[in-house]
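Okay, structure first, notes after.
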Amino acid sequence: MTDQSSKPEVKPDYRSTLNLPDTPFPMRGDLPKREPGWIKEWDDSGLYKKLRDARCGAPKFVLHDGPPYANGQIHIGHAANKILKDMIVKARQLEGFDAAYIPGWDCHGLPIENQIEKTFGRGLPRDEVQSKSRAYATEQIDQQRHDFKRLGVLGEWDNPYKTMNFANEAGEIRVLKRLFERGFVYRGLKPVYWCFDCGSSLAEFEIEYADKQSPAVDVAFLSAEPARLAAAFGLPSLAKEAFTVIWTTTPWTIPSNQALNLNPELSYALVDTTCGIFMVAEALVEKCLARWKLEGSVLATTQGKNLAMLKFKHPLAHVDAGYDRESPVYLADYATAEDGTGVVHSAPAYGLDDFNSCVSHGMDFKDILNPVQGNGAFDAELPLFGGLHIWKANPVIAQALEDAGRLLSHTKITHSYPHCWRHKTPVIYRAAAQWFVRMDEGDGVFTLDKAGKTLRQTALEAIAATNFYPENGRARLRDMIAGRPDWCISRQRSWGVPLPIFLHKDTGLPHPDTLAFIERAATIVEAGGVEAWAKLDAAEWLGDEAKNYTKGSDILDVWFDSGSTFQHVLKGSHAGAAHDEGPEADLYLEGHDQHRGWFHSSLLISCALNDRAPYRGLLTHGFTVDGQGRKMSKSVGNTVAPQLVSDKMGAEIIRLWCAATDYSGDLAIDEKILARVVDSYRRIRNTLRFLLANTSDFDAKTDALPLDQLLEVDRYALSRAAQFQAEVLAHYKVYEFHPVVAKLQVYCSEDLGAFYLDLLKDRLYTAAPKSLARRSAQTALWHITQAMLRWMAPFLSFTAEEAWKFCATSESPSVFTETYWKFAPADEALLAKWTRIREIRDVANKEIEALRTAGQVGASLQAVLEIGVNAEDRALLASLGDDLRFVTITSGAGLVDAAELSVKVAAATAAKCERCWHYVDDIGQTPEHPGICGRCVSNLYGEGEARRFA
């Protein structure tokens, strides 16, 4: 027989008795691999429909999507814009609103038409351009939709709005009809911005300014009435030829000169030189002579008002009979003495001020010279310069003026100049018969119920009633509206919504039945798209009258398309997603460039239709730039493709970057910035994993304790969480995310990681699994986890949904069907008490760290403390009793009286418990368990330790 007493003693495995954390929620996100599967699951399960069902009957929150253009792959700017919208919608959904998100696309316009011309060549029939453009836009939308969904954006992706949907095209035509009826639309000849690359007029919204080098010339106009000129200056006669001189940076406009403008209140001088007598503003005489490299003396002065209607000859009148005409002097305030000569040459077809001046002085539209064609070349019949492109004509015209003896100076200047937003090329003003929306007083073509105020007045009042995020957007939009000219809404292209109007061939007037025809056009477009109007034979509607009318071929400005969507989307194709009381959205959100784009056009159309803005709030964000603040450019090589980041790091990292960035300025992104975002993500994920791992054996239905039974530090943790949630929701209320991300990281690292979770570990791991002490901690952690998932869900959507499966409170399919967690009101007294305890604990930790650095202690459990405190702090800490050592995570903590806070640290001298690792005196007092302390014996084999505070 074997002697049992000779067997070696088996040491108990106390580690197996600990409640160590465990969760299937992985430490590594593996986001690039997992995210596509979650997106598929959302699609397959119809998650978006479930979100709508969960909010059926709830108050609505409407964020109207500013449609991106359906052309090309999305870039990081698109990603930031869509993620911001998604975060706001999700935050409002969690707040309890029915926050639908209807994504949209802008589908008409020049870029798509250009793509069709590049692919299939120019000269295609209009209806064929339209059908091919429609097919191309559809392909682009499918590609962009995939990329937007990959970013975790939830929305009605299977039923977005598209400006090219037949119903929306028809709705836009009906909006146009209503603007006619309210007296805002008229047709007229007026200089408008014209892009040669577009081959079309441009709206104010489509203009940006950039530096351009231009020729600057001083050109002399010979007096046609020298005797009258002398008399105007109080002189009996002039001994030499007399000229007035203009200065311009657009020599190409000289062939079209038809007048000269002087300021009636300025003083003008006659200056005698060896080359003749020159009339310029008195204040500019010295500058002009220096520029012309001449010396001279002033003969006489007079005010501009005394020079009205004097006539001068075109500078090329003696060179070619085609220019043998006179330029009368008109008086206009826009002639100034700030630069040039104080005399402004007027080519009314190519300048708005010139046009207004000439028309107000009686010039008929038909007499306005307009030789520049839509492609930028002069009409072939123009004397001397026919067929030349205007930019190439500049030096040729300057040379012709020099040869004619009329050029006094020729230099180059760099100045800010209008450019096409799309092509980045210089534009000009060019007179053309166009359709306009009137900003100020005047009558439209057809008016049934005239609006009570001008469009400018109504728009400015609407801006005052709108909330702006950030506030500085208000002044920017207000200034644009205050100074903008009438809106040219017609374009000379094929792919767009038609202005369905018949114009009389002789008078140019629209048909008397235009309003009925517009409604009829909307009906056929609703059934067959814009192609139906393109294919229409005018005789079908006009009969014998067709021979007297021209069917309109202009299309509406693409900004009219997107700008009218509040009406034909929110009150039309997707009316269920809008407020019942009106078409206003709670929020429009785009880049700050849209103050002159979508925000602007939407405001004008809504004010024209409904006398109010289409939005209650406007949020603007900056542009995406690299880490050095440089604009992103493929040629520079500093672009960041969202598709590549998603494949490498996960779309969640783009979302967190977007949320963590202050969007009110530019949004900087590069590899280094993304690497820091990855670190932030790991910290948040690790905290979440700790919470899940320590509640994995906790069922809230059966294990949660009433809040009044929780240990004091657990109640404090919930009060702190409630306090923190109030901060989070206040930020979400005003669409702020970067403070939430920053505060959440601090909350995870300091409130949880460095304090609460740190001191909980002993209780979670060593207390009896179902003891009050452990269930108290788990109850608090469970509440915090529920709240935290909701806080982070708007921006860390994938991670929140992944974690939701491990702690869902019900059969709820998604965290987004939930609302923000309901905490009991924060206990202010408890918050104040534990805030001070944490401050004292921080002082103790610094002293412990000093001994650890010196090698005198290892872990903090090897230390015992003597804390010197005043009476107030003594009462505070003494209230914790023996639990004070659990707060400081030491093996002992005593109190002594002191005037100021002090902490002395010493190494523990007692033995170490093999299970909880505390150094205490009662180890081995239970013979059956010689290696562990009495507390562990009780937790394992008895009733469990009693904790009240920590």
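Quick note: numbers below take in every heavy atom, side chains included, and nothing from hydrogens, waters or symmetry partners.
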Inter- and intrachain pairs under salt bridge (Lys or Arg N to Asp or Glu O under 4.0 Å), touching residues 660-677, at least two apart: none

Enumerate the residue pairs fulfilling salt bridge (Lys or Arg N to Asp or Glu O under 4.0 Å) with a member in residues 72-85, sequence neighbours excluded, ordered by first and then second residue. D65-K82, D65-K85, K85-E590

Can you list the residues that meet the salt bridge (charged side-chain N to carboxylate O under 4.0 Å, His left out) rule with [X], with sequence neighbours excluded?
| X | answer |
| --- | --- |
| K805 | E41 |
| E139 | none |
| D211 | none |
| R491 | E206, D557 |

Output all residues satisfying side-chain hydrogen bond (donor to acceptor under 3.5 Å, both in side chains) with [X], sequence neighbours left out; order by chain, then residue number.
| X | value |
| --- | --- |
| K424 | E208 |
| W804 | none |
| T565 | H64 |
| R145 | D142 |

Salt bridge check: are [X] and [Y] linked by an N-O gap of less than 4.0 Å?
| X | Y | value |
| --- | --- | --- |
| D86 | K90 | yes |
| D43 | K40 | no |
| R134 | E169 | yes |
| K631 | D626 | no |

Going by the ring pair (Phe, Tyr, Trp, His ring centres under 6.0 Å) test, name the single residue among Y588, F560, F566 that passes it with W598. Y588

H146 atom NE2, neighbour heavy-atom count above 12 within 6.0 Å: no

Determine which pairs satisfy ring-ring contact (aromatic ring centres under 6.0 Å, His included) with at least one residue from residues 86-112, sequence neighbours left out, and list them in order. H108-W495

Does anything in residues 65-93 pair up under ring-ring contact (aromatic ring centres under 6.0 Å, His included), and if so which pairs, sequence neighbours excluded? H75-H78

Are [X] and [Y] near enough that their ring centres are under 6.0 Å apart?
| X | Y | result |
| --- | --- | --- |
| Y48 | W42 | no |
| Y161 | H568 | no |
| F737 | Y732 | yes |

Could you grab the distance from atom CD of Q143 to atom OG1 of T138, nearest 0.5 Å is fine? 13.0 Å

Can you name the nearest heavy-atom pair linking E156 to H574, along with the distance? OE2-CD2, 3.8 Å

Looking only at non-hydrogen atoms, find the nearest pair between N638 and S633 and report the distance. OD1-N, 2.7 Å

Hydrogens and angles aside, do [X] and [Y] bring a side-chain donor and acceptor to less than 3.5 Å of each other?
| X | Y | answer |
| --- | --- | --- |
| K212 | H419 | no |
| Q73 | D147 | no |
| E95 | T819 | no |
| T620 | Y663 | no |
| H621 | S664 | no |
| S797 | R655 | yes |
| R790 | Q786 | yes |

So, the side chain of [X] versus the backbone of [Y]: is there a donor-acceptor pair under 3.5 Å, distance only?
| X | Y | value |
| --- | --- | --- |
| R55 | T817 | yes |
| E802 | F25 | no |
| R596 | M480 | no |
| Y193 | C420 | no |

Does K132 count as lying over the ring of F120, i.e. NZ or CZ under 6.0 Å from the six-ring centre, within 45 degrees of the axis? yes

Under the criterion side-chain contact (heavy atoms from CB on, under 4.5 Å), I'd like the reasoning laid out for I141 against C107: C-alpha separation, chi angles, the key distance, then a yes or no. CA-CA 9 Å; I141 289 171; C107 308; 3.9 Å; yes

Under a 4.5 Å cut-off applied to non-hydrogen side-chain atoms, are E652 and L31 in contact? yes

